[in-house]
Colleague: 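One structure, as structure tokens, below. Some questions next.
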Amino acid sequence: MARSKTPGTVRATTGRRQAGGTGRGEAVPGAVPRRRAWSREAGWFVAIGVASTVGQALVYWLLRAWWPPAVANLVSLLVLTVLNTEANRRLTFRHAPVRPARAHLGAGGLFLLGYLVTSGAVLWLRHADPGASPAAETVVLTGTSVVVTVVRFAVLRLAVFRGPRGRRP
């Protein structure tokens with residue numbers, strides 16, 4: 001008991017009712033504050049997102065030598081979305097009680113949205129500048145991927161990786 005009263009050894013939250021608590025705002029030893037959990041999730045998501053975006057850009061750029069933009073984007077996005085979803089399931093949202101199948105199905109809908117937005121941006125570039133290089137396409141693809149990633153984080157956090165009855169773990 002004396003040891004738990006030493007400054008910095010007990011983390012406590014107040015407000016929301018915790019398991020075993022009365023809901024009267026008392027401190028719960030060992031509970032991780034929501035803000036810290038959100039910061040950890042955002043940090044992992046950004047790290048995984050940067051790696052995925054770089055990976056997708058490289059795969060797209062390599063495939064673009066042989067395939068048209070929409071096909072190269074589809075293959076690069078498909079490969080990296082599967083890897084990205086699994087990394088986020090294991091690292092970013094690791095405490096969420098979600099089965100891998102649900103995580104990948106939820107990410108599948110986001111994949112379709114991402115594909116439509118990123119392919120639309122690249123095809124728009126090809127329409128606006130028919131002589132655009134694969135490097136210019138890759139820059140446009142990367143920029144739109146960042147926008148799609150912000151939407152992806154919000155949807156994954158708020159809808160896919162939620163506990164029972166819509167609660168975050």
Colleague: Whether the side chain of R40 engages the backbone of T92 through a donor-acceptor N/O pair (distance < 3.5 Å, no angle test) should be reported.
Modeller: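 Yes: the side chain of R40 pairs with the backbone of T92.
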Colleague: Is there a continuous path of hydrophobic side-chain contacts, each under 4.5 Å between heavy atoms, that joins V139 to L63?
Modeller: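 Looking at the clustering, L63 is in a separate group from V139.
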Colleague: Using a 3.5 Å distance criterion without hydrogens, assess whether the side chain of N88 forms a donor-acceptor pair with backbone atoms of N84.
Modeller: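 Yes: the side chain of N88 pairs with the backbone of N84.
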Colleague: Rounded at 0.5 Å granularity, tell me how far CG in L74 sits from OH in Y60.
Modeller: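 So the gap between those two atoms works out to 12.0 Å.
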Colleague: Same cluster or not: I48 versus F93, using hydrophobic residues (I, L, V, M, F, W, Y) connected whenever any side-chain heavy atoms lie under 4.5 Å apart?
Modeller: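 No, separate clusters.
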Colleague: Side chains of V46 and F153: closer than 4.5 Å at any heavy-atom pair?
Modeller: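 SC-SC contact between V46 and F153 ruled out.
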Colleague: Are a donor atom and an acceptor atom from the side chains of R152 and S145 found within less than 3.5 Å of each other?
Modeller: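 On atom types as modelled, these side chains do not qualify, holding no pair under 3.5 Å.
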Colleague: Applying side-chain hydrogen bond (donor to acceptor under 3.5 Å, both in side chains) to R64 and S133, what does each step give before you reach the verdict?
Modeller: CA-CA 10 Å; R64 188 58 185 94; S133 69; over 6 Å; no
Colleague: Supply the atom-to-atom distance E137 CD to T118 OG1, rounded to the nearest 0.5 angstrom.
Modeller: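 The OG1 atom of T118 is 12.0 Å from CD of E137, to the nearest 0.5 Å.
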Colleague: Hey, is the main chain of L116 close enough, under 3.5 Å, to the side chain of S119 for a donor-acceptor pair?
Modeller: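 Side chain of S119 to backbone of L116, a donor-acceptor pair under 3.5 Å: no, none is there.
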Colleague: Kindly indicate whether the side chain of L156, heavy atoms from C-beta on, has any atom under 4.5 Å from the side chain of F45.
Modeller: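 They are in contact (side-chain heavy atoms under 4.5 Å apart), so the answer is yes.
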Colleague: Do F111 and T85 come within less than 4.5 Å of each other through their side chains, counting heavy atoms only?
Modeller: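 Sidechains of T85 and F111: no contact.
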Colleague: If you compare all heavy atoms of P69 against all heavy atoms of V122, which two are closest, and at what distance to 0.1 Å?
Modeller: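 In this case the closest contact between P69 and V122 is CB-CG1, 3.6 Å.
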Colleague: Under a 4.5 Å side-chain heavy-atom rule over Ile, Leu, Val, Met, Phe, Trp and Tyr, are W66 and V71 clustered together?
Modeller: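 Per the 4.5 Å side-chain linkage, W66 and V71 are co-clustered.
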Colleague: Quick one: which of N73, T142, T81 gives a side-chain hydrogen bond (donor to acceptor under 3.5 Å, both in side chains) with Q56?
Modeller: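 Testing each of N73, T142, T81 against Q56, the sole residue satisfying side-chain hydrogen bond (donor to acceptor under 3.5 Å, both in side chains) is N73.
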Colleague: Are more than 12 heavy atoms, taken from residues, nucleotides or ligands other than R94, located less than 6.0 Å from that residue's CZ atom?
Modeller: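 It does: R94 CZ has more than 12 such atoms within range.
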Colleague: Within a strict 4.5 Å, meaning less than it, do heavy atoms of the V59 and V79 side chains meet?
Modeller: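 V59 vs V79: side chains apart.
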Colleague: Tell me whether V147 shares a hydrophobic cluster with V150, the cluster being built from Ile, Leu, Val, Met, Phe, Trp, Tyr side chains joined at under 4.5 Å.
Modeller: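 Per the 4.5 Å side-chain linkage, V147 and V150 are not co-clustered.
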Colleague: Measure the spacing between CG of L91 and CD of E41 and express it to the nearest 0.5 Å.
Modeller: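 Going from CG on L91 over to CD on E41, the span is 11.5 Å.
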Colleague: Quick one: do L110 and V148 end up in the same hydrophobic cluster if we chain Ile, Leu, Val, Met, Phe, Trp and Tyr together by side-chain heavy atoms under 4.5 Å apart?
Modeller: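 Both belong to a single hydrophobic cluster.
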